[in-house]
Number of protein chains: 2
Amino acid sequence: MTARPDTPRSRRERPAKPALSREGIVAAALGVLRAEGLRKVTMRRLAQELDTGPASLYVYVRNTDELHAAVLDELLGTVGPAPAEGSWRERLEQVLTAYTEMLLAHPSLARSALTARPSGPHYLNLIETLLALLDEGGVPRAQAAWGVDLLLQHATAMAAEHAGQDDSPTAQQEWDALGAALRDTSGTTHPHIRASAGELLAGAHEARLSWALQALINGIERTAVPG
Amino acid sequence: MTARPDTPRSRRERPAKPALSREGIVAAALGVLRAEGLRKVTMRRLAQELDTGPASLYVYVRNTDELHAAVLDELLGTVGPAPAEGSWRERLEQVLTAYTEMLLAHPSLARSALTARPSGPHYLNLIETLLALLDEGGVPRAQAAWGVDLLLQHATAMAAEHAGQDDSPTAQQEWDALGAALRDTSGTTHPHIRASAGELLAGAHEARLSWALQALINGIERTAVPG
DNA sequence: ACCTGAACACCGTTCAAGT
DNA sequence: ACCTGAACACCGTTCAAGT
């Protein structure tokens with residue numbers, strides 16, 4: 001926990017290339033992530049950042065996917081604990097909103113988190129918190145267990161949807177294309193879209209997230225697990 | 001619609017390199033996708049497949065993301081229309097299950113669909129179908145509109161979660177790591193996880209999908225849109 | 001054990017030049 | 001207009017060799 005891999009001697013020379021370590025690699029990755037996005041968090045780029053060759057990193061990190069998962073685990077630590085006030089529903093929504101907003105700051109990471117779920121301590125704490133809140137709300141255990149999965153998946157997916165906006169400029173165009181397609185739809189072939197085009201595209205992102213979380217919680221609460 | 005870009009003359013020589021076309025490129029992409037996964041659906045590989053240079057493809061396709069979106073749009077056509085029998089809930093669940101299962105056959109594509117939403121005719125038809133079923137169920141229009149988004153997102157995210165399994169062998173290990181972490185959790189620090197570990201990991205994939213869709217529908221039905 | 005240079009086998013995309 | 005070769009600027013990962 002408190003181990004400091006840095007050599008403590010303070011030479012006054014050039015930064016004096018610090019020894020490699022998993023922590024150092026993850027820290028460098030976080031820096032590049034914040035500065036230039038996940039697409040630049042590559043083995044080669046990190047090696048360059050740490051003044052070594054890409055092969056050296058493989059001593060500490062199995063591959064690129066594992067590196068990305070480690071970065072997410074690190075960021076998960078910045079999401080605070082559950083608030084103390086409010087009903088269990090409100091607190092549940094707040095925890096999930098905080099998680100989603102963290103991911104929204106790094107949508108490309110959310111995208112990768114969907115595939116490579118983190119399994120670090122911070123993620124476990126989050127699951128524990130969610131289970132506790134659902135239990136407090138009297139949601140049966142089996143429903144709560146599957147519900148946690150549903151809630152985390154939605155939060156992650158919602159954030160992942162915004163990836164590419166930061167990564168590639170094309171994704172935004174793709175989204176605009178859907179909006180245009182919805183608006184231009186013929187009323188004879190797609191009457192329901194025509195009638196709902198406004199609503200389909202309406203709503204601030206915060207309002208939609210809040211509504212979605214409430215709908216999920218309501219659904220989880222009311223839907224029994226089979227068997 | 002019925003335009004055939006192929007030159008009709010039937011030379012008996014070698015396959016006689018057919019003229020390039022967007023359709024031909026998408027078709028080749030589908031072939032590579034099915035045979036080797038999305039990771040191999042690259043401009044260079046497709047160019048090789050079509051016996052030309054990568055630069056030639058840029059006449060028909062803006063970039064790799066757009067190519068992937070076009071492939072998904074194509075696959076969306078293979079999902080049949082809504083069934084005629086059953087309650088609106090059952091039919092809604094069936095349509096979404098069919099959509100999810102199509103995506104599950106190509107999880108890496110689902111992953112990319114989360115970011116670059118398709119906007120082709122097949123996608124619009126799907127939205128129309130979902131809106132019609134929710135309307136039939138008496139779900140208010142505003143709720144239905146946001147609900148469709150939620151339903152499609154869940155289906156896509158659920159499939160996307162399985163990406164990497166086909167793509168990279170590491171993803172499976174990552175998922176196993178989460179399972180192990182959940183099982184090994186201490187009962188003192190994470191009592192709810194300890195009590196629910198079995199339930200968190202239980203359930204066949206079909207049962208979980210079915211439950212999730214029902215929970216979503218129940219939640220959408222009962223949660224009013226603000227304002 | 002840790003670190004490295006060099007190599008292998010790839011990418012997306014652009015551009016000037018050809019037809 | 002369509003097509004192309006060649007180039008630019010990158011990737012992940014492995015391996016034999018060094019310390």
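For clarity, every value in this text was computed on a predicted model and none was experimentally measured. In what follows, chains are A, B, ... by sequence order, proteins preceding strands, each numbered from 1.
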Rounded to the Å, how far apart are [X] [atom1] and [N] [atom2]?
{"X": "L50(A)", "N": "dC2(C)", "atom1": "CG", "atom2": "P", "value": "16 Å"}
{"X": "L46(B)", "N": "dC10(C)", "atom1": "CG", "atom2": "P", "value": "15 Å"}
{"X": "R39(B)", "N": "dC11(D)", "atom1": "CZ", "atom2": "P", "value": "17 Å"}
{"X": "L67(A)", "N": "dC11(D)", "atom1": "CG", "atom2": "C1'", "value": "14 Å"}
{"X": "E36(B)", "N": "dC10(C)", "atom1": "CD", "atom2": "C1'", "value": "14 Å"}

Q.
Given a 3.5 Å cut-off on both pairing distances, which stems involving DNA chain D, each at least three consecutive Watson-Crick or G-U pairs, are present, if any?
A.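 Stems found: C:4-8 with D:12-16, C:12-16 with D:4-8.
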Q: Write down the distance separating the P atoms in dA9(D) and dA9(C), rounded off to the nearest Å.
A: 24 Å
(Q) For nucleotides 12-19 of chain D, give me one character per nucleotide, 5' to 3': B if any protein heavy atom sits under 4.0 Å from the base, S if the only such contacts are to the sugar-phosphate, - if neither. (A) BBBB----
[X] side chain vs [Y] backbone, donor-acceptor pair below 3.5 Å:
{"X": "T185(B)", "Y": "A181(B)", "answer": "yes"}
{"X": "T100(B)", "Y": "L96(B)", "answer": "yes"}
{"X": "S196(A)", "Y": "E199(A)", "answer": "no"}

Q | Residues that V61(A) engages under side-chain contact (heavy atoms from CB on, under 4.5 Å), provided they are two or more places apart | A |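 Applying side-chain contact (heavy atoms from CB on, under 4.5 Å) to V61(A) gives R22(A), I25(A), M43(A), E66(A), L67(A).
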